[in-house]
Asker: 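Here it is, the structure, as structure tokens.
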Amino acid sequence: MIYCVAIGLFTGFIFLMCLLFVAGDVQDVVSSPFGPLGQILLNATSSRAGTVCLLIFPLVCLLFAGISILTTSSRMNYAFARDKGLPFSRYFSRVHGSLSMPLNSLCATSLIVVIFGCIFLGSTSAFNAIVSASVVALGVTYAMPVAINCLRGRRMLPSTRHFKLPEPFAWFANLLGIAFVIVTTVLFVFPPDLPVTGSSMNYCIVAFLIVLIISMIQWFVDGRKNYTGPKLDLVDTVLTAAHTREDARFGGPEIASQEGSDKKYGEDA
């Protein structure tokens, strides 16, 4: 995985440098009806046909990236539901018998994506608020475990971990990461323009607050009773799809383990 990050950093740097060298006027790029990337390629090629041909490559990359992201997010929802951390966890934690995949979770994730697309068509301000809130939430979730580990003197990490940094550099990296998240979180909730109007207001903080309130309600209503954290004992077991009587009503099987000790947990998923 480290090599993948290094390759992406190297190739991305070269790609961005090439774009910046041929970008042209910044205002024309920002306000272009073809989009920033389309305008840069148009400036470089002076040909609309060449621009369209070059845009096919990032579009294909975005297609495969979208499939990968959808697959990953649906599996994350399934895993969270399996640990009883979502509403209707019993339904979203099911694995389809013939497809051997969490179909319910995949459909729910796809539906959410469609809803976000409809929001974008109706209001770009609302869509930008949701996207900004997701970026802020992602940064906060990254910083929280790092901050807890630092507050406990970095004694929470297992001694048998494969990736280790020298202790001074590890402290520096952790504190720098926390500081970066704090700064970017504040910047992301700033309005983009002055003076601030109703249409130019940054509603990121509103979207973030709504998600926070829903999460707190879910925790007090259901989460604190059923959610106990990830099931770490499933690492060494093989999970398969097994049909039960109750699955006939839902169209999907329960999660069952080939290990006898995990079978009861699978029936409760």
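For this chain, numbers begin at 1 and follow the sequence in order.
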Asker: Please check if Val131 and Phe116 belong to a single hydrophobic cluster, counting links between Ile, Leu, Val, Met, Phe, Trp and Tyr side chain heavy atoms closer than 4.5 Å.
Answerer: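 Yes, same cluster.
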
Asker: In terms of hydrophobic clustering (I, L, V, M, F, W, Y; side-chain heavy atoms under 4.5 Å; direct or indirect links), are Tyr203 and Phe120 co-clustered?
Answerer: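 Per the 4.5 Å side-chain linkage, Tyr203 and Phe120 are not co-clustered.
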
Asker: Out of Ile40, Leu37, Leu41, which one pairs with Thr51 under the side chain to side chain contact (heavy atoms under 4.5 Å, CB included) rule?
Answerer: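 It is Leu41; the other options fail the test.
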
Asker: Are Leu70 and Phe64 grouped together when hydrophobic residues (ILVMFWY) are joined by side-chain heavy atoms under 4.5 angstrom apart?
Answerer: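 Each belongs to a different hydrophobic cluster.
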
Asker: For side chain to side chain contact (heavy atoms under 4.5 Å, CB included), just list the numbers for Ile205 and Val136, CA-CA rounded to whole Å, side-chain angles, deciding distance to a tenth of an Å, and then say yes or no.
Answerer: CA-CA 9 Å; Ile205 189 65; Val136 171; over 6 Å; no

Asker: I would like to know whether Met101 and Arg75 meet side chain to side chain contact (heavy atoms under 4.5 Å, CB included); could you show each step before the answer?
Answerer: CA-CA 9 Å; Met101 60 176 292; Arg75 268 59 176 182; 3.8 Å; yes

Asker: Would you confirm whether the ring centroid of Phe80 sits within less than 6.0 angstrom of the ring centroid of Phe92?
Answerer: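 No, too far apart.
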
Asker: At what distance, to the nearest 0.5 angstrom, does CD of Gln218 lie from CG of Leu86?
Answerer: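 Gln218 CD to Leu86 CG: 7.0 Å, rounded to 0.5 Å.
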
Asker: Applying side chain to side chain contact (heavy atoms under 4.5 Å, CB included), name anything that partners Leu9, two or more places apart in sequence or on another chain.
Answerer: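 Scan of Leu9 (side chain to side chain contact (heavy atoms under 4.5 Å, CB included), adjacent residues dropped) gives none.
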
Asker: Check the pair Ser105, Ser74 against side chain to side chain donor-acceptor pair (under 3.5 Å), reporting the backbone distance first and the verdict last.
Answerer: CA-CA 5 Å; Ser105 178; Ser74 63; 5.3 Å; no

Asker: Is there a donor-acceptor contact under 3.5 Å from the side chain of Asn174 to the main chain of Val146?
Answerer: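 A pair under 3.5 Å: no.
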
Asker: CZ/Phe34 to CG/Leu42 distance, rounded to the nearest 0.5 angstrom?
Answerer: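 Reported to 0.5 Å precision, the distance equals 6.0 Å.
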
Asker: Contact between Asn104 and Tyr78 at the side-chain level, heavy atoms closer than 4.5 Å - yes or no?
Answerer: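 No. Closest side-chain heavy atoms not under 4.5 Å.
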
Asker: Under a single-linkage definition using a 4.5 Å side-chain heavy-atom cutoff for Ile, Leu, Val, Met, Phe, Trp and Tyr, are Ile130 and Leu187 assigned to the same hydrophobic cluster?
Answerer: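 No.
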
Asker: If hydrophobic clusters are built by linking Ile, Leu, Val, Met, Phe, Trp and Tyr wherever their side-chain heavy atoms come under 4.5 Å apart, do Phe188 and Met144 end up in the same one?
Answerer: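 Yes; tracing contacts between hydrophobic side chains, which count when under 4.5 Å, links both residues.
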
Asker: Look up atom CG in Leu212 and atom CE in Met216, then write down how far apart they are to the nearest 0.5 Å.
Answerer: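 It is 6.0 Å, given to the nearest 0.5 Å.
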
Asker: Taking Phe220's backbone N and O only, do any of them form a donor-acceptor pair with Arg224's side chain (distance below 3.5 Å, no angle check)?
Answerer: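 Yes; judged by distance alone, with no hydrogens or angles, the pair exists.
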
